[in-house]
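See structure below.
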Amino acid sequence: MRRKGWHTHEAEGELILARRWPARFDLSVETRLPPVGRKARLAHQVRQDLWRALQSLRGFSPCVSVREVDGATLLRAGGQLDTSAPRALAEARLAAVLNDDDNRRRWLRWSR
């Protein structure tokens, strides 16, 4: 489904949110969260924070994947990168967003 310029696809328990389809994870970082009730709301919140952190990275288009695994939520965040960029720096920024305690608390509140 495409809504407001974003593609949302859910299959086999995994929700993927991406600006372009098919989704591409040229950069990605994963984290585990407690189970959530609303995967789409979680994906949109994470996507917004990713964009804020990496909007200066030319050619970057965020993608987020959310799925339940072993009683937890596995969140993969990253995206498509159409230009050459310092990959390690970009992935470090992604990890900082995903591991920020304030972000995680806000995401969990928002996605109940």
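Position 1 is the first residue of the sequence; numbering continues from there. In this text, all values refer to a predicted model and were calculated from it rather than measured experimentally.
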Is there a path of hydrophobic side-chain contacts, each under 4.5 Å between heavy atoms, that joins L57 and V64?
yes
Drop me the distance from L33's CG to L108's CG, to the nearest 0.5 angstrom.
5.5 Å
Can you tell me how far apart CG (L81) and OG (S28) are? Round to the nearest 0.5 Å.
12.0 Å
Working to the nearest 0.5 Å, report the span between CG of L94 and CG of L89.
10.0 Å
Any side-chain heavy atom of N103 within less than 4.5 Å of one from L98?
no
Could you tell me which residues satisfy side chain to side chain donor-acceptor pair (under 3.5 Å) with R41, sequence neighbours excluded, listed by chain and number?
none
CG of L17 to NZ of K39, rounded to nearest 0.5 Å, is 13.5 Å
Applying side chain to side chain contact (heavy atoms under 4.5 Å, CB included), can you list everything that pairs with A96, at least two apart in sequence or on another chain?
none
Does the side chain of I16 come within less than 4.5 Å of E10's, by heavy atoms?
no
Scanning both residues in full, the closest heavy-atom pair of V46 with A77 reads CG1-CB, 4.0 Å
Is the distance between the ring centroids of H9 and W21 less than 6.0 Å?
yes
Could you give the side-chain donor-acceptor pairs of residues 48-55 under 3.5 Å, partners two or more places apart or in another chain?
from: Q48; atom 1: OE1; to: Q45; atom 2: NE2; distance (Å): 3.4
from: D49; atom 1: OD1; to: R52; atom 2: NH1; distance (Å): 2.7
from: D49; atom 1: OD1; to: R106; atom 2: NH2; distance (Å): 3.4
from: D49; atom 1: OD2; to: R106; atom 2: NH1; distance (Å): 3.3
from: D49; atom 1: OD2; to: R106; atom 2: NH2; distance (Å): 2.7
from: D49; atom 1: OD2; to: W107; atom 2: NE1; distance (Å): 2.8
from: W51; atom 1: NE1; to: Q55; atom 2: OE1; distance (Å): 3.3

Atom pair CZ (R38) and CG (L15), whose distance is rounded to the nearest 0.5 Å:
13.0 Å
Straight-line distance of Q80 CD to L27 CG, nearest 0.5 Å:
10.5 Å
Do we see a donor-acceptor contact under 3.5 Å between the side chains of S61 and R24?
no
Give me each pair satisfying side chain to side chain donor-acceptor pair (under 3.5 Å) with a member in residues 65-74, each pair once, sequence neighbours excluded.
E14-S65, E68-T73
What heavy-atom pair brings A23 and C63 nearest, and what distance separates the two atoms?
CB-SG, 4.1 Å
Residues in salt bridge (charged side-chain N to carboxylate O under 4.0 Å, His left out) contact with E30, at least two apart in sequence or another chain:
none
What do the steps show when you test R76 against T31 for side chain to side chain donor-acceptor pair (under 3.5 Å), and what is the final call?
CA-CA 7 Å; R76 181 167 75 155; T31 191; over 6 Å; no
With sequence neighbours left out, what residues match R109 under side chain to side chain donor-acceptor pair (under 3.5 Å)?
none
